[in-house]
Amino acid sequence: MNKIIIANWKANLLPTQARSLTKKFTAERPAKNLTAVLCPDFVALSETASLLKKSAFLLGAQDCSAFLPGAHTGEVTAAALKQCGAKYVIIGHSERRANGENSKTISQKIQQAVAEKLIPIICVGETAGERRLKKTKTVLAKQLQEVLAPLPGNYAKSPLIFAYEPVWAIGSGLTPEPLETAEICAMIKNLAAKAGFSRVTVIYGGSITDQNAGEYLQQSAISGLLVGGASLDARRFRRLLNL
Ligand code: 13P
């Protein structure tokens with residue numbers, strides 16, 4: 001199966017910068033065995049969608065509302081993302097959890113995304129303190145249980161992506177060993193399978209660069225990468241896509 005490489009631009013780019021970067025990215029095709037996804041912020045979503053139309057790149061968003069379309073000022077619904085051309089949506093990133101987003105909301109967002117046939121990219125991961133106390137597995141099991149348990153039974157056959165993103169690895173230049181990462185990704189897949197979710201793939205994110213990406217992609221239990229900083233540099237990201 002193709003490995004997936006997802007660019008999470010976070011809130012780094014103005015619309016003009018997102019346009020220019022998208023044009024640079026799409027000047028070349030990603031390697032044949034890779035699925036490439038760009039996740040701009042909401043403001044750049046429509047224009048990025050038009051620029052990606054004739055390219056091999058797919059579109060994702062960085063979040064969606066926990067609500068259906070209606071009177072929810074400031075929210076962007078999964079239905080609106082779908083109509084814009086998004087295929088994927090990142091949900092529960094640790095940068096959002098740090099600002100108070102909880103598992104209940106994350107689970108509701110997953111429901112909205114799946115109802116619109118978007119593929120959610122659900123972020124999970126332990127903090128440095130939790131890792132020091134050897135609580136990584138307990139923390140991940142709890143995060144999974146809390147977001148999966150409230151989902152309706154018929155969601156179990158929907159494709160879901162979990163992104164294992166240790167909080168301490170994000171933007172720090174620090175990374176877990178590829179083998180250890182693969183074991184954790186396999187554990188996440190097993191936990192989801194035990195909960196009845198049979199179409200789960202697991203990817204890794206945190207300080208991925210064009211230099212270290214290959215070591216992670218070689219692991220069969222790691223189905224792809226979620227890339228922050230290195231996806232803001234056209235040359236580095238294109239090198240990453242041509243591994
Ligand atoms: P960095 O690649 O900048 O560490 O960010 C990872 C991330 O948070 C992707 O969602």
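Whatever order the structure lists ligands and atoms in, that order sets their numbers, starting from 1.
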Considering the heavy atoms of [X], write down every atom of ligand 1 situated less than 4.0 Å from one of them.
X	value
Gly228	1 (P), 2 (O), 3 (O), 5 (O), 6 (C), 9 (C)
Gly229	1 (P), 2 (O), 3 (O)
Glu165	6 (C), 7 (C), 8 (O), 9 (C), 10 (O)
Asn8	9 (C), 10 (O)
Lys10	5 (O), 6 (C), 7 (C), 8 (O)

Steps toward salt bridge (charged side-chain N to carboxylate O under 4.0 Å, His left out) verdict (Lys82, Glu116): CA-CA 7 Å; Lys82 179 78 179 183; Glu116 289 298 332; over 6 Å; no
For ligand 1, find out whether one of its N or O atoms is nearer than 3.5 Å to an N or O atom of [X].
X	answer
Gly206	no
Ser207	yes
Leu226	no

Distance-only side-chain donor-acceptor flag, His93 / Glu165, under 3.5 Å: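 Side-chain D/A pair, His93 to Glu165: present.
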Residues that, via side-chain heavy atoms closer than 4.5 angstrom, fall in one hydrophobic cluster with Ile90: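 So far as hydrophobic clustering goes, Ile90 is joined with Ile4, Ile6, Val37, Leu58, Tyr88, Ile119, Ile121, Ile161, Ile203, Leu226.
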Atom NZ of Lys87: over 12 foreign heavy atoms under 6.0 Å: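 Atom NZ in Lys87 is not crowded, with 12 or fewer foreign heavy atoms closer than 6.0 Å.
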Test ring pair (Phe, Tyr, Trp, His ring centres under 6.0 Å) applied to Phe57 - qualifying residues, sequence neighbours left out: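 For Phe57 there are no ring pair (Phe, Tyr, Trp, His ring centres under 6.0 Å) partners, ignoring immediate neighbours.
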Non-hydrogen atoms of Ser94 and Ile170 that approach each other most closely: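 Where Ser94 meets Ile170 most closely, the heavy atoms are OG-CD1, 3.2 Å.
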Sub-4.0 Å heavy-atom approach of Gly205 to ligand 1: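 Contact check Gly205 vs ligand 1: negative.
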Close approach, Ala230 and ligand 1, non-hydrogen under 4.0 angstrom: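 No; Ala230 lies far enough from ligand 1 that no heavy-atom distance drops under 4.0 Å.
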Option among Lys23, Lys53, Arg19 that satisfies the salt bridge (charged side-chain N to carboxylate O under 4.0 Å, His left out) test with Glu47: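 The single option meeting the salt bridge (charged side-chain N to carboxylate O under 4.0 Å, His left out) with Glu47 is Arg19.
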